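Taking it in order: structure first as structure tokens, then the write-up.
Owing to the predicted nature of the structure, the values given are computational and were not obtained by experimental measurement. Residue numbers begin at 1 in each chain, while the letters A, B, ... track the order of the sequences.
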Amino acid sequence: MADTDTRRDYRGGPGRGFKRKRFGEDDDLVQGHRQQRQRQDVPPGTRLRRGLLEIAEDPLRLAKDVAVNLAKLAVEHWDDEYVRDTLANTVLKLVVEQPFKIPFVAGVVLYANDERPEVVRELLGRLGVQLQEALDAGNWRDCKLLLRFTACLSPLYQEDGIYAILDELFNRAVDLQTASSEDVAGIELVKIILLTIPYWIASGDPSLQQKAAEILEKTDIVASAPHPFEPSIDPYPTSSQEEKPMACPSVIAMLQKQLQEEMSNGWSLALIPRVYEATAANDTHNDVANGDSEMKTSERHPFPSVSIPSPVQPGSKTLFPERYFSLFADQEVESVPSTSNIASTLLRDAIADTINILDFNRNVVAKLLNDIDCFWTPGTFIKRATQFDKLRDVPEGKAKWKPEDVSIDAIFSQIFQLPAPEHRLVYYHSLITESCKISPQAVAPSLGRAIRFLYRHVDSMDMELYYRYMDWFSHHLSNFEFRWKWTEWTAEVDLPDIDPRKAFINGILDKEIRLSFAKRIRETLPEPFRPLIPSSKEKDIPDFKYADDQTPYASEGREVLALLKRKAPEEEIDRVLEPVHEQAINLGATEPLVPSTDIYMTAICSIGSKSLSHVLSTIDRCKQRLLTIGSKSEDARRQIITSVVDFWAEHPGTAVNIVDKLLNYSIVTPMSVIHWALTDHLNRGRILASAQAYELVSTTMFKVVNRIRGVVRERNNPNLLFAQRQQLDQLLPGERQNMRDMFAAITDAVSSVANGTQDSMIERFDDDEGTGERELIMFWGQRWEQVWKRKAAVEEAIVGESVIGPLGEDSAPAAAAAAAEEPDMDVVE
Amino acid sequence: MQNTVDRLDRPSSYATAKQRRNRERRNSNQDSEQAQADLPPVQELEDKLRDATTLYVGNLSFYTTEEQIHELFSKCGEIKRLVMGLDRFQKTPCGFCFVEYYTHQDALDCLKYVGGTKLDERIVRADLDEGFIEGRQYGRGKSGGQVRDEYREEFDPGRGGYGRKLQDDYTDDYS
């Protein structure tokens, strides 16, 4: 069978262990017997760990009962060193790895305190240490989660300590904000403050509400000030507000408003699970018959002592402001919480963290998302897999939120995160695939609505996201037999290729073919779409154009091909190509090297047409001549690209891959690729609608940017000799200037298309009557402009001289350390 | 500290079991102390894999091309080298390959995000590998392909139909 070779076990749920069943274990009798034996054998520490890991996953068990039992288990075996270790280790690790479970493990700790306060004393000590470490390192996500846990434990403390921490964090945020109007770290701090408040209040004490109000009053000024970078990261950057498919508000501003709203509604915070009931302890305490009454008093503890460094560490990642992306929010049917409801942010924050923290096991993440309704107050969501249409019938005031919609929405928010998601995009792809596998009947319809929403507005989407969507969609289909209801999009088949929707369809089909093959993909399409994959695409090996006598220099082309095939010495090739130079001059060519280069490179492509490794070994063999050509003439260098792209015209992806390798050999330069696409082949701006052009320019700039990030990283590497670092530091201004020049070349070229001032665009478009081609092209120009201006700004924020500061001998300045740890774009972790 | 869930970016039990098998086989075959001294230290495999940038990729269709593999696997980072597994005699693809990345992290990402997903409509298997050496690209089955295709009883159109010859001297798929 095709799909059965899954020796690596990709199944299994969190904390359940991944042991495969041995033969015979399915037998009820055997299993029953085994389990009985297990119960006696498994030591308490192991049971405690397993119980904590699985906490809240079983919807049939009451959260409170589970917490009470686990607390009891820990308390009863407290003399066991392994149990003590396990409790603290597992609890604290769960807090920073599985945010959904924070309120539940907090419940365990609170119940344990009722029974035996020393259990908690040790834990609080370690919590304080860990929180301090996270603060010192500027590890903001851990800070947020540990603070959330600390807040959930509020009933434990003698005096409230959360307020002091939040207040202190706020002061740091103000310092940062005052220092720079472009500061983002301060916004991150305020976000942490605001996201702690709901859990703090939900922990019980009504007196906290007054303090929360005080904080909210203060944070307003930071939270509601728009950040100058926000317009650059708008997923739908259209000018008019009404046209926007989604508002994508600033996360921090939205959160501030939601909390104010929640406060005016008396802080119901209905979705946060309340596991611990304080009365339970008091009841047993009042029970005079109970001899242990002393033990049962809920003892209070000092608040863990932490100090917030001043100034705060910026952390290892360059921060950018965030906007709230939602495919389903604020629509006719409320299948996910609206953007005015604090639930939207609480859910999104917890889901996004779960996704991004646990990237090392997508199966577990998919399972957690599938079970999302287990981790919030029962009744928060509608029953799983409820049909969307049924939501209309739900009476007012009853839960309408579809768990699948909430999860899918959150995954897409990561795919469409600007400027970049935390992990490689393919991670989020695979997560969606796993989610579909776990529960196809529940997830597929939500996914279908997501796909339709995105497609409906694909023309106004940020172009980088447009290509991310294309990439995801084609990859997703490749995991599900390429099944899609193409007929829905039939209306767009006859649009011109530069229409964004038509270009999108063409782009998907091309990417599908790259993962499969043309004939297979054509079979998956309904009749009207089939002409989009002409039979010429089925040809694996393109024709050698010089085989046709009509082609100029046909005989020379064939000769060079033959010579290369038999690995003839260079002089023999010279002997054929020299006359071509003369002929070219006689024919009035501006650059005599161009026709001979075309012959040479086309022959290389033809010899290497069997596979990528064939072309690579041929290029490797011929690299000396190719390097020489490029150094002699820029036109000839760009001809190398033209020859590759023309040869592989039916397989644009292969051409991109080959150009990518030519860049590695320095046979073509990044600038030559940019000018090839955006100067030589601009074609009055039409090339801007080509997915291939975008891919070429992006992969090229990706290399450039990675290189300079690498230089900065090594320059700041304290393990290198200072002299080496100085050398790198001296390289930096030149590298930076190169990068800036390239960004400028791109934005200059596309800006002139965007505003219609590009020379060839000033002439009237012949076929402009009624088609609006000129407007469409200008629109593509604007989309390119938005993307490349953003990318340029992002790199300034990561490797610009103002960010990384001067090189110091002792230790890199704080900001430099941050840039040093900035991951490569292809190592997004 | 131990993660709360298992990690997918570890070498599979297959790789570790292989090492153990090899060692046991050698132990049982040898009686001299000299042979014992030749044994690799226990930690060697883990050390080799600590910076591994190569993946063994299995369960491919015989018809899957380099370009298709490149298309999927480059989603985890630039590919440095791709070596197709070939039938020892016919020199045609026989359903596996080695993918080499520039960095260890890329290889781990591939285990996490691509292993267990589909390529050319088959679930592919990815495993951390100690690195390609010449010769390993050939199938080790009796008739030239991979061993699993010798004894397979099910019909698999992507891998040459039924197993070529059923036999029980199971050795190693790749090594």
Side-chain angles (χ1 to χ4, degrees), chain A residues 1-10 12 14-15 17-18 52-53 89-90 92-94 97-98 358-365 423-427 429-430 433 471 475 478-482 511 514-517 520 540 611-613 651 653-654 657 660 664 703 823-824 826-829, chain B residues 1-10 12-14 58-59 61 63-72 74-79 81-84 101-106 108-127 148 152 154-159:
Chain A
M1 291 292 288
D3 293 344
T4 45
D5 187 21
T6 47
R7 276 177 248 188
R8 173 179 288 273
D9 201 333
Y10 285 99
F18 290 82
L52 284 168
L53 293 180
N89 284 343
T90 314
L92 290 175
K93 196 71 180 166
L94 269 174
E97 280 193 352
Q98 300 193 41
L358 295 179
D359 79 293
F360 51 82
N361 194 329
R362 60 179 198 262
N363 306 302
V364 166
V365 177
H423 298 291
R424 290 178 184 289
L425 287 159
V426 64
Y427 165 50
H429 300 182
S430 69
T433 303
D471 203 40
H475 185 204
S478 81
N479 272 280
F480 295 93
E481 290 93 41
F482 298 102
K511 282 180 175 288
R514 282 155 72 168
L515 286 165
S516 181
F517 50 99
R520 167 74 179 117
D540 290 331
S611 77
L612 210 51
S613 31
H651 298 269
T654 305
N657 284 337
D660 192 52
N664 288 353
K703 270 193 205 299
D824 275 7
D826 63 349
V827 189
V828 206
E829 218 178 21
Chain B
M1 207 190 301
Q2 197 188 348
N3 292 115
T4 59
V5 302
D6 288 353
R7 300 188 65 100
L8 299 181
D9 54 2
R10 294 273 151 81
S12 72
S13 54
Y14 182 82
N59 198 38
S61 149
Y63 307 103
T64 297
T65 63
E66 273 185 47
E67 282 67 20
Q68 287 169 296
I69 296 167
H70 198 276
E71 183 69 19
L72 180 65
S74 62
K75 290 182 192 294
C76 287
E78 190 178 339
I79 292 170
R81 185 165 59 155
L82 203 167
V83 182
M84 294 296 280
Y101 289 100
Y102 284 95
T103 72
H104 178 56
Q105 187 58 50
D106 293 354
L108 294 183
D109 282 352
C110 187
L111 282 182
K112 291 185 287 185
Y113 311 148
V114 171
T117 68
K118 281 189 183 177
L119 175 59
D120 217 1
E121 305 182 53
R122 304 170 63 94
I123 301 245
V124 296
R125 175 176 111 83
D127 204 349
R148 56 173 287 210
R152 185 163 33 74
E154 308 89 20
F155 186 80
D156 184 345
R159 294 181 70 101

Q: Check whether Tyr63(B) gets within reach of chain A through its side chain, its backbone, both or neither, counting any heavy atom under 4.5 Å.
A: neither

Q: Against chain B, label Phe482(A) side chain, backbone, both or neither, depending on which of its atoms sit under 4.5 Å from a heavy atom there.
A: side chain

Q | For chain A, the option from Met84(B), Arg159(B), Gln68(B) that forms the most heavy-atom pairs under 4.5 Å | A | Gln68(B)

Q | Salt bridge flag under 4.0 Å for residues Arg520(A) and Asp120(B) | A | no

Q | Leading residue by heavy atom contact count with chain A [cutoff under 4.5 Å; candidates Arg81(B), His70(B), Lys75(B)] | A | Lys75(B)

Q: Please flag which part of Asp540(A) lies under 4.5 Å from any non-hydrogen atom of chain B: side chain, backbone, both or neither.
A: neither

(Q) Pairing donors with acceptors under 3.5 angstrom, does anything connect the side chains of Asp109(B) and Tyr427(A)? (A) no

Q. Do Asn59(B) and Arg122(B) get their side chains close enough for a donor-acceptor pair, meaning under 3.5 Å?
A. yes

Q.
Which atoms of Leu52(A) are under 4.5 Å from chain B, going by heavy atoms: the side chain, the backbone, both sets, or neither?
A. neither

Q.
Heavy-atom cut-off 4.5 Å, strictly under: side chain, backbone, both or neither for His475(A) against chain B?
A. side chain

Q.
Glu97(A): which residues meet the salt bridge (charged side-chain N to carboxylate O under 4.0 Å, His left out) condition with it, sequence neighbours left out?
A. Lys93(A)

Q. Do the side-chain N and O atoms of Thr103(B) and Asp106(B) include a donor-acceptor pair separated by under 3.5 angstrom?
A. yes

Q.
With no hydrogens and no angle check, just 3.5 Å: does a side-chain donor-acceptor pair link Asn664(A) and Lys703(A)?
A. yes

Q: Name the region of Leu119(B), side chain, backbone, both or neither, that has any atom closer than 4.5 Å to a heavy atom of chain A.
A: side chain

**Q.** chain B contact via Ser516(A) - side chain, backbone, both or neither, heavy atoms under 4.5 Å
**A.** both

Q: With rounding to the nearest 0.5 Å, note down the distance linking CG in Leu8(B) to CG in Leu358(A).
A: 10.5 Å

